[in-house]
Every structure is written in C-alpha cells, then in structure tokens.
Amino acid sequence: MKSNFLSVFLSLAFTFIILTILIVVIGKDPLEVYSLIYTDVFTSGYGIGQTLFKATPLIFIACGLAVCFHASLFNIGAEGQLNAGSFVIALTALQLDSLPLVLAIAISAVAGFTAAGIVGLIPAIIKVKKGVSEVITTIMMNFVILALINYLMVDFFAVKSTLRTVSIGDKNMLGKASDIFPFFEGSSLNITFVASLVTAFLVYVLIYKSTFGYKLRAVGFNEVASKYIGIKVSKVVIASFFIGAGIASFAGLNFIFGYKGYYELGFSNNIGFTAIAVALLAKNNPIGIIFSSILFAALDYGGLAVNQLIPKEVMLVVQGLIILSILSSDSIVRNFYTKKGLV
Amino acid sequence: MTKIELRNITKSFGNFTANNDISFCIAENSVHCIVGENGAGKSTLMNILFGMIKPDEGEIIISGSPVTFASPHDAIAKKIGMVHQHFMLIDDFTVLENVILGDEPVKGISLNIASARDKLKELISKYDLEINLDEKISNLSISIQQKVEILKLLYRDSDLLIFDEPTAVLSPIEVNSFFEMVRNFKNTGKTVIVITHKLNEVKEIADKVSVLRKGNLVFETDNVSGGIDISEISSAIIGGAELLTIKSKDNQAKSGQIIVRLENISMTSNKRKCLNGLSLSLFAGEIHGIAGVEGNGQAELADIVCGIEKDFEGTAEMPAERASIVPDDRLKKGLIMEFTIGENFALKRKGNSYHSEKELLNSSEKVINSYEVHAPGPEVKLGSLSGGNQQKVVVAREISSGNEVIVFSHPTRGVDINAELFIHSQIVNERNNGKAILLISSDIEELLSLSDRLSVIYKGKLVRTYETEELSNALNNSEENSDGKIHLVNQLGKLMTGVSH
C-alpha cells in the first residue's frame, strides 16, 4: 500500500517536471500557466463543478475497467462498450418519457448496462473458447461497434443532417447541481456524480470484500492455481467482462440525462482510452479512481483554460506521461523495497 | 586425466539446501552420468557448473586451475556447453540463424554467413547430424531440434557437453541414435555429462555414475564395460537404507466402497501419449499410492481424478463433486501468494458473500492454530511464509473443504521434516475419516509408510499394483529381517525405471 502511494507520487512528480520543461520549451512561463490553471479550476465554483462533471464518466468507466484489470484482463474496449451502452440508454429513454424520471433512468440504466455487457461478452467468450488475447479483440470491437452505431444512427435514428438522436426533452432531464447549490455557478455538474461515487464504493466492495472479488483477483494473480483451487476460471473471465463493460455504459447517464438529453456520435471523445490511464494511476483501486478521475478531469478542463497560452493538446501529453511513468515507477519502487528487504 | 573437478560445492535457497558439500571429478574424454530423483540437486549442480547459479561455497577447477563463472558466457568461454531440457530455440529462425545467434561471424559490419555455413557443414558431416541448415525450427521434430542444440555447442567449440534429461523427449529409436552420437563425441575427445534418471540408459553409456539424493552425493561407481549393478544404484537413488525409520501409519484400513474408477484411460497432450490404457480403482478409507519416475503420467492422472482435465479417452466414474487436490507445485498451482491465509480459504467458498477483515483474520488464525502453521501473524501474505508452512496451508485448505476424494501430489516435496511428519499424520487422519486418497509421490519411503495399496506407473500405465496384504507382508518381515523391504524396494525401482515388468 505504502509502495503504491510512493510510486504514484514519483510518477506525478516526474510528469510535473517534464510538463514544466515542455512549457519552457514552448516559450511560456510555467508559473503563469500553473497559476492560470489553478485559478480557473480550483478557485471558481464553475471550475470545480465542470471538473467534477468531467470526472463523472471517468469514474464509471475506470471502475468498470478495474474489474477487468484485477482479473488480468486487459480490456481496451471500453470506448466501444460505453458507446453501445449509451446509445441504448438514449433509445430506451426516448420510449419512456411518460414514466417518472427515476423509473425511466433506472430502466434505461439496466438496458444500457446489458447492451454494453453483451459487447464485453464477445471478446470474453472468444478468449475462453479459443484463447485469443482480449487485447486484440477488444481493440477491434471498438471499430466494429462504432461503425455499427454510425450505421444505425445515419440510417435510422439520427435527427436529419446531425449525428445525434432526438432529445428526450427538458422535463425528462436531471437538474443541475447549481439549481440547488448556487456555488457551482451553472456548471454542468449533476447528480450522476454522486451515483459515480456510489458505484466506486460498490465496486470497491465487490473487488476487495466479496467472494467473487477474491476469486477475480486470484485469477488475476495466478490463473493455474485458481484452476486447481477449484475456481471456474472461464466463468470469472466472462462475468468480469460483463460487469466491467456494463458499468462503463453509465457514462452515458451523465451525458444523456444530465447534460445534453440525447446520444451523439463521438460524444465520448476517446474517454474510454483515457479511463485506462485513470485506472492505472489508481492501481485499479475504485476509491483511488475517484481521485485520479478528478485529476484527469482537472487537467482536461485546465487544458481548456490555458488554451490561449499553450495548446490544450499538451494535456494529452501529460496523460501519456502519467501512464509511462506510473508503469516504470512501479518497478523502480518495487526494486527499492526489495533491496531494503521490506517486501 | 581429470577434466573438471568440483570441490565442496554448497548451495542453499533459503532454508533448503540444494547441494550440500558435493565434490567429484569428471575424467577427460569420458561419459559421466548424474542420477537422482527430482529435487535431488542435479539441475542445481549443473547450473552451477554452467555459470547460471553461483555456489555459496566451493570451487570449480578446470584442467588444474580454479575458475569462477559470473554467467554462462564465462562457462562457454571455457568451452562448456549445455543442452537444457527445454530447448532454447527461436521457432521462426532457421537452423543456421539459431546456431550463430549470439556468436555471429562478422566481416566489417555485415554478417559473414558463408564462413559460418562452411564450419557448420563440416561439423554436421563429422558427427553425422543430418540437419538442413536452412530449415525453420518450427518444421523440425523434437529430436532434430535437440541436434540443433548440440550443433550450437559444437559451433562454439565446447569440449564439455552437459545434457539435462536428454532422452526424456525421444522415442526409443531416437534414444539409440542419441547414444551413438554421445559415443562419437567421446571418440573425438570430448567429455560428456548426462543428467538422467533412466538407469538402463546409464548402464549403456556411462563410464562413471554419481548419485545425488536430497542434495548430497551418496554413491559413485565406475561402469566397467556395462557391468554396473542397477539395483545398487536404484536403492541409492531412493534411499532404501532409511526405510526403517518412519512408521506413522496405523494399519487399520477400512475397506469401503469404490469411489473412483478409471478404466482404460488414454490421453495425449502436446502430441505425446502421456496416459496409455491406465486403469485404477480408489476405495473410501484407503490411501492408494502411486510410485513412478516423474513424467510417466502422474500429473495427468492427478488432473483427471480431480476433474481439471476432461479431454481423455476411456471411462471415468467419479463423484459429482470435484476432488480436492494438493498439487505438486504449490507456487504455481497451490496458492495465491499475494493473499493471506484467510483469503486463500475464502476462495473455496461457494456463492458470493461479504468478507469482513475480521472474519478473514479469524479464519487465518484458526488455521495457524489448528494446523501448526508458523506465521508472524494472521495478516501476512502467504508469499512470506516458508515452503513447509505454505504447504501446510494448502493441505489444510484442501482437507477442510470436506470432499470425498483427496489427491496428494508430492505432498512433502521440498518441505522440512516437521512439516513432512505433520502432513503425513493429516493424510492418515483423512484416510481414517473414510476419505479416498490418491497419493502420488517419488519418495518411496513416504509411499511405503502411508499406502494401503501401492501401484507403479510407467509410461502412462499402472504396471503393477501391490495389494494391502502383499505390502504388509513385505514390510512386516522387515522388522526381524530387513530383506523383505529391501527386496520390495529393489523390485519397485526396477518397475519404475522400466527394467522389468
């Protein structure tokens, strides 16, 4: 646990140093950039609200990925899974506009979870039956699913000359947090953020406290031993893919019920890949994911804030640096502890 | 003349002594066989000689001067070469590419393939290797791949060749041509070391034999024109002399009903026939021991009985509920080392429930107390316990899941004597509770002191089953006169090594 904190800290420090150098190379004053990010993100209610709003889908998706990652299943397919789920959520919600909002959301969420889960099942079944690496199949599934949704949208569901579905209408939308707490100054933050915190907590219990979670992690640590202990490894693989992909679909709740009111092609903006970095940084711990999601969201929003000074793509570089440094600092810290005989 | 001398080599891994003060000489231009059970320390010793492992103590002397090897590179520079049991070849490269890899002839900045090719062609014809240099490794049979490994050594001018279990992967005809090759090496002035546990092969090719048991050099003999006494070696390997010490079994076997019946089971894995018409019955309240040299189908038998392996021919009648298994390799198959004891036990739960910290700690503590596990505390991960204590946890977990059938596969391998005694008493306990127990081991002492019935497995088949009476007769005799037991051990040794049927 201690070594986890140390390696996360090392990784963030390293990233910070490189970012500073990068800003200097671009010819800007790092202090100016950092203070702008700070004031924009952390000193205004709107900034904080936007950051938490952007963190919401990351928390959902990264928690879903954590379920897979703990079983050593490298699911790269969250992008496709969450789009399938969100698409179905929007379509379901459109049929339910006469129901009370809570019920409509609940039913849409179940439908979205199932749709995304089924998309996740395909690579899982191929892996179990044929031994094909899930890395390849999940990446490929992203293309298949996005192309399929594109086709369905263009030919059937999209509003003419747009890439979005019909809106579910204002009365079926969730209110904004700033309606109740004026502090958030009209930011898009909504109650799905709270839902994402609850989800993170539930996933934490599932992974670290339930029998299924122990079996899941056992498979991740040592598949052969799990088999001899009597764990049905293929069932665990299939279940964790279904659950992991299903949870990713909840990203759509935030966008559809809390923000736009419709599904739009490309809304996810590769968040399914960003979430991989979020989960890695948090060592796949759902509670840690809350914080790393907020960090990534702050970077994302901060990138917009400093766009006048440096290109916002710099923040993508930062995300990449975090992944690279967290992976290498892991082994550095482990060696350090092993040498000292602490592990 | 002495080619290589090992002086007082000692190597320990933690508490486990793999090599204990071993000294011997290997004569130049000879074939020296090193035999012993798995875990006897043969591979460690050879890895020391090949520079892969550094000894804690002792020295290696080559042609009169002491050497130290920091890595296999140093050993190769001293013209020592080793063919490992698992070949180290790159499937997608050709023979030529594999052989020169790591020692490429260069001309300026480009490879000088032509000179390598000439040298290799010469070697191939000199030793009758019959290899096509341009064939891809993936297209070659195992025996040809072995020749490629040998060619690698010859290319590097090795004059001491070490073979680790070279015939394990070969068919009888290939074995003969392998022997031919070894004799050829000897005739051209090379020295050969062969690690094996097949005694009829030793008889055929060895000039000298050294026997290792539990890390010690226990026996050495010269093989003058094939006149070696195999039974002498086999009892040295399995330690017949120590047999009289353990007697932990109370011989009140309850005769129960048949729980497991395997009939004419055959199985092929990786194109190798590992089980070949095996039949076995297992009764409630008995310990059925399986003796044999490793790799004769024991692992596959264990997998079938505990329901992990379902891809076989023949009939198998077993309880619906999966058998418990204490697997042969606790690191790879037995435990999740990153988990605590309680967490490892939780993996046996059916259904899904919430596990509180307290519940898991209690469960750890219960195991620590009732199974005499020495652990610093209930919260430590299994990876930090000693081998014997880890093994106790596996045994405890499998026993406590309460299945009718329990498979023990090499249950006391690499554990200390206390853990061994404890595990033995647990096995007998479970037998007395009416469990059907299959005990697979290469430790003859263990098998004789625990088994109610004992079968010998050889080439995927039970070649002989000793019934309870037969066993107890042979063992009872020994109390006044040890002949009965020694005779039995000799007979087992021969059956296990395929010398007699």
Side-chain angles (χ1 to χ4, degrees), chain A residues 1-4 66-67 69-72 128-131 201-240 242-243 283-287 330 333-334 337-338 340-343, chain B residues 299 302-303 305-310 321-360 363 379-384 390 393-394 397-398 400-403 405-409:
Chain A
M1 217 44 186
K2 209 162 153 197
S3 66
N4 276 354
V67 174
F69 292 169
H70 271 292
S72 279
V128 168
K129 297 279 178 209
K130 296 288 166 202
F201 176 72
L202 291 178
V203 172
Y204 177 85
V205 172
L206 178 77
I207 292 175
Y208 292 102
K209 299 286 171 191
S210 76
T211 317
F212 174 74
Y214 277 110
K215 291 183 178 173
L216 174 92
R217 286 189 293 138
V219 171
F221 282 128
N222 187 340
E223 197 181 314
V224 177
S226 302
K227 211 168 70 178
Y228 278 88
I229 291 168
I231 298 170
K232 297 197 171 64
V233 173
S234 21
K235 273 191 182 169
V236 169
V237 169
I238 287 175
S240 49
F242 184 75
I243 295 169
K283 306 283 175 190
N284 303 322
N285 180 325
I287 305 302
D330 263 1
V333 170
R334 207 180 311 123
Y337 274 85
T338 322
K340 291 200 134 191
L342 292 173
V343 176
Chain B
D303 286 357
V305 172
C306 77
I308 288 174
E309 184 59 68
K310 296 193 175 75
E321 200 183 16
R322 233 197 72 156
S324 287
I325 178 166
V326 174
D328 49 8
D329 184 337
R330 63 179 160 271
L331 295 174
K332 281 197 196 128
K333 303 179 182 171
L335 294 163
I336 306 298
M337 292 296 169
E338 294 85 349
F339 280 2
T340 65
I341 297 173
E343 289 170 338
N344 268 282
F345 269 68
L347 296 174
K348 280 283 183 184
R349 286 277 185 82
K350 300 222 163 55
N352 198 9
S353 52
Y354 178 81
H355 299 277
S356 69
E357 202 88 0
K358 202 169 153 223
E359 173 218 316
L360 292 171
S363 145
E379 72 288 341
V380 297
K381 309 255 183 280
L382 270 161
S384 57
Q390 289 172 350
V393 174
V394 182
R397 189 191 62 208
E398 294 305 315
S400 62
S401 58
N403 293 332
V405 182
I406 310 177
V407 179
F408 288 91
S409 186

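Order of the sequence lines sets the chain letters (A, B, ...), proteins ahead of strands, with each chain counted from 1. Values reported hereafter were calculated over all heavy atoms of this structure, with side chains retained and with hydrogens, waters and symmetry mates removed.
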Open item on the list: Less than 4.0 angstrom from a charged side-chain N to a carboxylate O is my criterion; do B/Glu357 and A/Lys209 meet it?
Closed with: yes
Open item on the list: Going by side-chain hydrogen bond (donor to acceptor under 3.5 Å, both in side chains), name the pairs with one or both residues in residues 225-240 of chain A, residues two or more places apart or in two chains.
Closed with: A/Tyr228-B/Asp303
Open item on the list: Applying ring pair (Phe, Tyr, Trp, His ring centres under 6.0 Å), can you list everything that pairs with A/Phe201, at least two apart in sequence or on another chain?
Closed with: none
Open item on the list: As an exercise, state the distance from CD1 of A/Ile229 to CZ of B/Arg322, rounded to the nearest 0.5 Å.
Closed with: 9.5 Å
Open item on the list: I need the contact set between residues 327-337 of chain B and chain A: heavy-atom distance under 4.5 Å, sorted by residue number.
Closed with: B/Pro327, B/Leu331, B/Lys332, B/Lys333, B/Gly334, B/Leu335, B/Ile336
Task: Set of residues satisfying ring pair (Phe, Tyr, Trp, His ring centres under 6.0 Å) with respect to A/Phe221, sequence neighbours excluded - done: B/Phe339
Task: Nearest heavy-atom neighbours spanning A/Tyr214 and B/Leu360 - done: OH-CD1, 2.9 Å
TODO: Answer yes or no: are there more than 12 heavy-atom neighbours, outside B/Glu309 itself, under 6.0 Å from its atom CD?
DONE: yes
Task: Nearest-0.5 Å distance that lies between atom OG1 in A/Thr211 and atom NZ in B/Lys348 - done: 14.0 Å
Open item on the list: Is it true that B/His355 and A/Ser210 share a donor-acceptor pair across their side chains at a distance under 3.5 Å?
Closed with: no
Open item on the list: Below 4.5 Å, heavy-atom pairs only: which of B/Arg349, B/Glu338, B/Arg397 has the largest tally toward chain A?
Closed with: B/Glu338
